[in-house]
Structures are given as structure tokens and as C-alpha cells.
Amino acid sequence: MKNEESIDRIIQVNNIDIGRNIAKMRKAMNIKQTEMVARLQTNGVDISIYSYNRIEKGTQNPTVLFLYACCRILDCDMNTIFDFKILD
């Protein structure tokens, strides 16, 4: 049972590498990690460069808010972030 302060998180599992897809899109747009973090923060996502780096590496799970903000920044939809095959 969740409490009122819990945060919904997306779990990166097996063949879905959310972080790698975000990194590829970010790099394709020539956005540095520090700039991406700044853009996420201005979109209401409380995140540090350390946490962002871990999400891209797949060692930390992103929140739903993080993913929605990434979609706005990277001008894509959730399907693109979740689809492993599109970005290979």
C-alpha cells in the first residue's frame, strides 16, 4: 500500500532500456546532460545531475513526471522513449 507521499516510478526491465533511449535522443539534439537537467528542473522535475546520469545508465528508475518532461524537452512521445527498436 502506498502512502500519500510515495512517487510512482517506472522500472527499467530486461529489454527496455529507457535511459539509453533518452540518452540517444538527447545526444541527437546536441543537449549536454547538465543542460538536460536544467531543462528538467524548469519543467518541475526535482533532479540532480547525479540522479539524471544514473537514469541514463539504467541504475536508477525514472518517475512518471521525469518521463513526461523528457517527452516535452525531446519533442517525442512515450512510445519513442519506451521503444528499444526505434533508436537502434
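Quick note: residue numbers are just sequence positions, from 1.
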(request) Can you see which heavy atom on Val64 is nearest to which on Met78, and at what distance? (result) O-CE, 4.5 Å

(request) Return the minimal non-hydrogen interatomic distance between Cys76 and Met25, and the atom names on each side. (result) SG-SD, 3.9 Å

(message) Would you say CG of Asp46 has more than 12 non-hydrogen atoms from neighbouring residues, nucleotides or ligands within 6.0 angstrom?
(response) no

(request) Please name all residues satisfying side-chain contact (heavy atoms from CB on, under 4.5 Å) with Met29, sequence neighbours left out, ordered by chain then number. (result) Ile31, Leu74

(request) Any chance you could lay out the side-chain contact (heavy atoms from CB on, under 4.5 Å) test for Ile22 and Phe66, step after step, and finish with the verdict? (result) CA-CA 11 Å; Ile22 291 169; Phe66 170 89; 3.7 Å; yes

(message) Just verifying a value: how many Å separate Ser51 OG and Asn61 CG, rounded to the nearest 0.5 Å?
(response) 11.5 Å

(request) Under the side-chain hydrogen bond (donor to acceptor under 3.5 Å, both in side chains) rule, collect the residues that match up with Asn53, sequence neighbours excluded. (result) Gln33, Lys57

(request) Search all heavy atoms of Ile81 against all heavy atoms of Cys70 and return the closest pair with its distance. (result) CD1-CB, 4.0 Å

(request) Salt-bridge test for Glu35 and Arg26: reply yes if a basic N is under 4.0 Å from a carboxylate O, no otherwise. (result) no

(message) I'd like to know whether Leu40 forms a side-chain contact (heavy atoms from CB on, under 4.5 Å) with Met36, so could you lay out the CA-CA distance, the side-chain angles of the two residues, the decisive distance to 0.1 Å, and finally the verdict.
(response) CA-CA 6 Å; Leu40 286 164; Met36 186 69 174; 4.2 Å; yes

(message) Taking Thr59's backbone N and O only, do any of them form a donor-acceptor pair with Arg54's side chain (distance below 3.5 Å, no angle check)?
(response) yes

(request) Take Ile18 and Ile55 through the test side-chain contact (heavy atoms from CB on, under 4.5 Å) and record every step on the way to the result. (result) CA-CA 8 Å; Ile18 300 164; Ile55 289 170; 5.7 Å; no

(message) So Val45 and Tyr52, do their side chains get closer than 4.5 Å, heavy atoms only?
(response) no

(request) State whether the side chain of Thr42 and the backbone N or O of Arg39 hold a donor-acceptor pair below 3.5 Å, judged by distance alone. (result) yes

(request) Would you please test Val37 and Ile47 for side-chain contact (heavy atoms from CB on, under 4.5 Å) and show each step? (result) CA-CA 7 Å; Val37 168; Ile47 192 166; 4.2 Å; yes

